[in-house]
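Below is one structure; the comments refer to it alone.
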Amino acid sequence: MQLEQILLDRFGFTAFREGQKSIIEAVLDQKNVVAMLPTGAGKSLCYILPGYVLEGSVVIVSPLLSLMEDQVQQLQMIGEKRVIAINSFLSYEERMTTLQSLGKYKYIFVSPEILQSTALKKQLKKIKVSLFVVDEAHCISQWGHEFRTDYLKLNEVIKELSTPPVLALTATATNKVIYDIVSSLGLEDVSYHLHSIDRPNIAIHVEKLNTIEEKKSKLLEWVKTLQGPGIIYFSSRKWSEHISAYLKENGISGVSYYHGGMEASERILIQQQFLNDQIQLICCTNAFGMGVNKPNVRYVIHFHYPSNMESYLQEIGRAGRDGKSSIAILLASPSDEEIPQALIGQEFPAIDELEHLLHLINEQYSQGLAVNEEYILSRSTLTETQWRFIKYQLEVNGWLEDYDIMRKLEVDIIIKSIETVIKNRLLYKKSKLHEMKRWLESITCRREAYLSIFNETLTKSIDQCCDLCSLQYEGYTKSTEFINPVHFKEWKNELQLIFKVGGKSAKSS
DNA sequence: CGTGGTTAGCTTAAGCTAACCACGGTGCGTTAAT
């Protein structure tokens, strides 16, 4: 009752959306909470509202600067001024001033990286942190092990802050990923609020083609017929640019590309143009999407498929946030596996590279020097990600702190240990890719197939389900009037009555 | 890691092989002490 009043007073909503209330109650009950809500279900309310009830501040760990800025703006729009994002957008002076008066902020947005700053941690310890939020918590599992290892150090930060209650929020996680989140954050007595990851208004279509050229012309065909706006995913920057140009050459207007190799200003511009309907179609890599809350995306096409099902579901989940009918199309060809395999392989250092590097570090240690990263990296061919992965392994075992330990253990033992970690991670990632490939080979309902990966089952039949069930493509095209799903259902029911055909049983044909 | 394209170098000087290289994504943070 009281919560509904706050909801009305502060946010102007009369009722909670599904799942929100019980999450908020658990948070206010000082429990550790893991919440999985589908995209667009209003996750941020789950920490914003408790902020008004709890004393002290709410710290929110966010994976992207743009996401932080968005959230800050949204809070300011509802009249909340006690909000700050601590990141590299702040000048040195601004940052120092902010840190001195940290307690006056109710909502403090941070990146996992900046949480490693001792100056920030020192100030955070002085104020009362009443809730520690990890937004997009699947990043712990998806990025923490190799790409952004500071995600795996959040548990240390939580301990340093005298273990405030934690709220981990995500839209897409398998049981294993949830286990990974909970154990990595060191959470005990967890209150789980896991809702279905399914998005019934998104139809699924997979199309097999023999060559890349066939894929290109099929893509053009779809883009010409489908009602936009749309997003097309690629696994390489080059391809996203190439197809963007190809579509333009073939008379498609309002197309742009987007990937991580572009200038930040250009990326922001294109994202804004897409959000404002000035661009109808984005050819992009997986850099595009997180935090893109565009309600009317009508289709997502995969020109290349991602390396695991979680990523796939996150990407198609960017369609149809307004709840209206949308479609996800995946174009597959035999050579598609090459890129994801290569990407997985290059995340990890080769064993001889690892050995070479550790001997270099050892050399520096034995001269009594601290590890000079610049020097070490200049003498190896490791990528930044590979080095960060090794560095984390050394840190987490205490090998980077104390060079006496390094001598005693012998480099060989360290190499063996890291080698084992690499092998296990490779096995895991390859099995995830294999799971993705198996899904592509589904012979029964694709939705049921991915739900089973997430330990779910289909509870009610869906009219526009997938290419293996029954799927009418007319509802997604430009030429025809948009078919309201409700009317469509009635029409279909009538047809079923006439022919006495069962809904779901029809798909086995 | 694994594939596909190019080139150097060999030679029954026009065609073969071996060696080499380019290719494939995601983002933070970069500046001080009581």
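Lettering of chains follows the sequences in order, A, B, ..., and the numbering in each one begins at 1. All figures in this text were calculated on a predicted structure; none of them were measured in a lab.
Every residue meeting the salt bridge (charged side-chain N to carboxylate O under 4.0 Å, His left out) condition with A:Lys121, not counting sequence neighbours, appears here in chain and number order: A:Glu160. Under the salt bridge (charged side-chain N to carboxylate O under 4.0 Å, His left out) criterion, A:Arg446 pairs with A:Asp467, not counting sequence neighbours. Taking the salt bridge (charged side-chain N to carboxylate O under 4.0 Å, His left out) definition, one finds that A:Glu94 meets it with nothing, sequence neighbours left out. Partners of A:Glu263 by salt bridge (charged side-chain N to carboxylate O under 4.0 Å, His left out), not counting sequence neighbours: none found.
Looking at DNA chain B, the stems built from 3 or more consecutive Watson-Crick or G-U wobble pairs, each pair with its key distances under 3.5 Å, are B:1-10 with B:15-24.
Note on residues 259-287 of chain A: pairs passing ring-ring contact (aromatic ring centres under 6.0 Å, His included), not counting sequence neighbours, are A:Tyr257-A:His259, A:Phe274-A:Phe288. Listed by first and then second residue, the side chain to side chain donor-acceptor pair (under 3.5 Å) pairs that reach into residues 276-294 of chain A are A:Asp277-A:Lys294, A:Asn293-A:Arg321, A:Lys294-A:Asn296, sequence neighbours excluded. Counting only residues at least two apart or on different chains, the side chain to side chain donor-acceptor pair (under 3.5 Å) pairs with a member in residues 174-186 of chain A are A:Ser141-A:Asp180, A:His145-A:Asp180, A:Asn175-A:Asn455. Residues in residues 339-354 of chain A take part in these side chain to side chain donor-acceptor pair (under 3.5 Å) pairs, two or more places apart or across chains: A:Glu337-A:Gln341, A:Glu347-A:Lys429, A:Glu353-A:Thr381.
Using a 4.0 Å cutoff on non-hydrogen atoms, the parts of residues 137-158 of chain A near DNA chain B are A:Trp143, A:Phe147, A:Arg148, ordered by number.
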Restricting to nitrogen or oxygen on both sides, can you table the protein-nucleotides 2-5 of chain B pairs closer than 3.5 Å?
none

Distance-only check: which donor-acceptor pairs under 3.5 Å involve side-chain atoms of residues 127-136 of chain A, not counting sequence neighbours?
| from | atom 1 | to | atom 2 | distance (Å) |
| --- | --- | --- | --- | --- |
| A:Ser130 | OG | A:Glu55 | O | 2.8 |
| A:Ser130 | OG | A:Ser57 | O | 3.2 |
| A:Asp135 | OD2 | A:Gln71 | NE2 | 3.4 |

